[in-house]
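A short write-up of the structure that comes next.
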Amino acid sequence: MEFDVISDMVQKASAAQKKIETFSQKYIDEIVKAIAKTVFDNAEVLASMAVDETSMGVYGDKVEKNRRTASMLWHNLKGKKSVGSVEEDAVNGIIKIAKPMGVVGAVTPCTNPITTPMCIAMFAVKARNSIIIAPHPRAKKCAAYAAELINMNLKTLGAPENLIQTIEDPNVLKSSELMSSVDVVVAIGGSTTVKAAYSCGKPAFGVGAGNAQCIIDRGVSISESVEKIINGRIFDNGIISSAEQMILVHNDDFAETVKELESQGAYFVRNSDEALRLRNLIFDEDGNVSSEVVGQPVSKLASDAGIELEETVRLIVIEVYSTGEEELFCREKLFPVIGLKRYETFEEAVAIAAENIEAEGMGHSVVIHSGNDEHVRYAGENLNVSRLLVNQVGATMSGGSYLNGLVPTTIFGCGTWGNNIISDNFNYTHLMNITRISTVIDGAVMPSDEEVWADV
């Protein structure tokens with residue numbers, strides 16, 4: 001019965017895709033804009049539903065995320081070619097013709113239940129695909145309502161029915177059947193979800209875990225760096241995969257950093273008993289993060305751990321003395337807690353960051369606060385991450401920003417380091433096939449053997 005449901009959805013999606021494949025670029029862009037504008041205009045109600053249903057995150061931050069992501073994605077997509085000839089290279093005699101992939105199956109997480117489905121839907125439709133969304137069971141109502149609002153607006157534009165569908169009662173079996181039935185899969189979630197996507201027998205895009213290390217270099221403003229770090233770590237109660245997870249600071253700047261953290265609303269754990277209670281609350285016996293703490297406010301974490309905090313506290317900071325696998329607090333933490341580690345040299349800071357992301361978060365992101373170009377380049381050359389953000393807020397800028405050149409997205413490729421097929425920010429170009437028309441290059445000549453094998 002469950003398989004029949006998915007089969008019926010795929011058939012309807014395929015019919016819708018065949019229709020949209022004939023649409024003009026202008027018409028496609030009107031539909032894509034409507035998807036974004038629907039979420040933008042309904043940011044408040046969708047944020048409220050997401051918090052109520054998932055019991056994660058912060059209402060105000062979700063409102064901001066809904067609006068910012070919708071506007072930024074559309075601003076980046078408008079004017080981009082995805083129909084017919086998208087590139088003509090006269091020098092090399094190549095013309096590129098965009099073709100859709102077909103039906104996209106998207107498995108989306110409860111940590112980002114509105115903007116991630118919106119993002120994938122915009123990319124899918126931009127490339128003239130249809131899409132079926134399998135939301136996390138914990139976020140099925142808000143995801144379905146967002147799709148309902150979008151489809152109401154698409155209907156007024158004359159878009160094909162069933163262009164965007166959502167599984168009403170999602171579960172593992174339905175997600176598995178969906179992934180094996182569509183033309184291409186985009187899967188965001190835990191390692192089990194990503195592995196299932198790569199094992200489904202269809203082309204798949206999965207993304208790895210985050211564990212963004214944050215290096216504070218010498219000679220920078222500690223106050224400004226701490227402000228950005230805190231803003232990133234606490235945004236939406238820390239459930240963004242690109243959020244800062246560890247602060248690495250020079251030993252000589254340690255006291256000033258702690259003082260600045262505390263002045264900006266952080267609680268620095270100095271009591272070993274508090275640290276132990278916090279550890280036991282957050283991690284189970286196998287070292288895995290408890291699902292009960294994900295996306296919870298700092299006040300609840302402290303209360304459950306028996307730690308008394310003032311109401312002004314926004315973040316808990318705990319100093320760690322080990323790295324990598326030896327220290328659980330060096331792992332990804334999807335709640336407002338951050339680790340703090342000292343270093344003696346910049347090279348040591350990079351080595352610590354490398355060890356921590358090797359334990360978890362390979363290929364994702366690192367943030368560095370620095371005015372030293374040589375240090376920035378050294379970090380870029382020695383850290384196996386897809387994004388190295390300089391003097392920015394990791395949580396809200398790794399997925400693109402009006403202030404940087406990264407492609408706007410909510411889906412972060414982590415390369416082969418993170419067992420992903422891409423290392424860039426996922427976007428609509430990943431959901432297009434390209435036909436390359438090749439002509440003989442005007443004036444081209446065959447090189448001689450001497451020219452081919454000549455020294456460079």
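All figures in this text were calculated on a predicted structure; none of them were measured in a lab.
When all heavy atoms are compared, the tightest approach of Ala209 to Glu332 is CB-OE1, 4.0 Å. Residues Glu53 and Pro137 approach most closely at OE2-O, 4.3 Å, considering heavy atoms. A pairwise comparison of heavy atoms in Arg233 and Gly238 identifies NH2-O, 3.1 Å as the closest pair. Contact between Lys341 and Met246 at its shortest, heavy atoms only, is CB-CE, 3.8 Å. Counting all heavy atoms, side chain and backbone alike, Cys330 lies closest to Val320 at SG-CG2, 4.1 Å. Scanning all heavy atoms of the two residues, the minimum distance from Phe329 to Ile318 falls at CE1-CD1, 3.7 Å.
Looking only at atom types and distance, the side chain of Asn211 has no donor-acceptor partner in the side chain of Glu360 under 3.5 Å away. In this structure, a donor-acceptor pair under 3.5 Å is present between the side chains of Tyr267 and Glu274. Donor-acceptor pairing under 3.5 Å is recorded for the side chains of Glu260 and Ser263. With hydrogens and angles left out, the side-chain atoms of Thr115 and Asn112 include a donor and acceptor closer than 3.5 Å. With no hydrogens or angles considered, a side-chain donor-acceptor pair links Asn153 and Thr38 at under 3.5 Å. Counted by atom type alone, Asn237 and Gln296 present zero donor-acceptor pairs between their side chains at under 3.5 Å. Using modelled atom types and a 3.5 Å distance limit, the side chains of Asn372 and Arg218 yield no donor-acceptor pair. Between His250 and Asp217, the side chains place no donor N or O within less than 3.5 Å of an acceptor N or O (distance only, hydrogens not considered).
How far CD of Gln392 is from CG of Leu403: 8.0 Å, rounded to the nearest 0.5 Å. In this structure, the separation between CD1 on Ile215 and CD on Glu244 is 12.5 Å, given to the nearest 0.5 Å. For the atom pair Leu77 CG and Tyr428 OH, the distance stands at 7.0 Å (nearest 0.5 Å). The NZ atom of Lys228 sits 11.0 Å away from the CG atom of Leu389 when rounded to the nearest 0.5 Å. The line from SG of Cys214 to CD1 of Ile229 is 3.5 Å long, rounded to the nearest 0.5 Å. Atom CD1 of Ile247 sits about 4.0 Å away from atom CD1 of Ile338, to the nearest 0.5 Å.
In this structure, the side chains of Asn66 and Phe40 stay at 4.5 Å or more apart for every pair of heavy atoms. Lys80 is listed as a side-chain neighbour of Lys126, based on a closest heavy-atom distance under 4.5 Å. Taking 4.5 Å as the limit, every side-chain heavy atom of Ile230 sits out of range of all side-chain heavy atoms of Phe235. Contact annotation: the side chain of Ile282 never approaches that of Ser290 to less than 4.5 Å [non-hydrogen atoms, C-beta and beyond]. Residues Asn251 and Tyr343 form no side-chain contact, since every pair of their non-hydrogen atoms from C-beta on lies 4.5 Å or further apart. Two residues are said to be in side-chain contact when any heavy atoms from C-beta on lie closer than 4.5 Å; Ile114 and Cys142 meet this criterion. Here the side chains of Ile133 and Ile120 are not in contact, with every heavy-atom distance at 4.5 Å or above. In this structure, the side chains of Val194 and Asn419 stay at 4.5 Å or more apart for every pair of heavy atoms.
A donor-acceptor contact shorter than 3.5 Å is absent between the side chain of Glu262 and the backbone of Thr257. Judged by distance alone, with hydrogens and angles left aside, the side-chain atoms of Asp253 form no donor-acceptor pair with the main-chain N or O of Val249 at under 3.5 Å. Listed for the Asn425 side chain is a donor-acceptor partner under 3.5 Å among the backbone atoms of Ser398. At distances below 3.5 Å, at least one donor-acceptor pair connects side-chain atoms of Lys174 with backbone N or O atoms of Asp169. In terms of modelled atom types and a separation under 3.5 Å, the side chain of Ser199 and the main chain of Lys195 share a donor-acceptor contact. The main-chain N or O of Gly306 is found under 3.5 Å from a side-chain atom of Arg277 such that the two form a donor-acceptor pair.
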Checklist entry - Where do Ile216 and Leu248 land on the side chain to side chain contact (heavy atoms under 4.5 Å, CB included) test, with the steps shown first? => result CA-CA 6 Å; Ile216 300 180; Leu248 307 178; over 6 Å; no

Val32/Trp74 under side chain to side chain contact (heavy atoms under 4.5 Å, CB included): CA gap, chis, key distance, verdict | CA-CA 7 Å; Val32 174; Trp74 168 240; 4.1 Å; yes

* To do: Show the numbers, then the answer: is there a side chain to side chain contact (heavy atoms under 4.5 Å, CB included) between Leu163 and Ile131?
  => CA-CA 6 Å; Leu163 183 63; Ile131 182 171; over 6 Å; no

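Taking the six-membered ring where tryptophan is involved, the planes of His75 and Tyr402 are perpendicular, since the angle between them exceeds 60° and thus also 30°.
With respect to Asp8 and Lys12, a salt bridge is recorded, a charged nitrogen being found less than 4.0 Å from a carboxylate O.
Taking the six-membered ring where the residue is Trp, the centroids of Phe412 and His364 are separated by under 6.0 Å.
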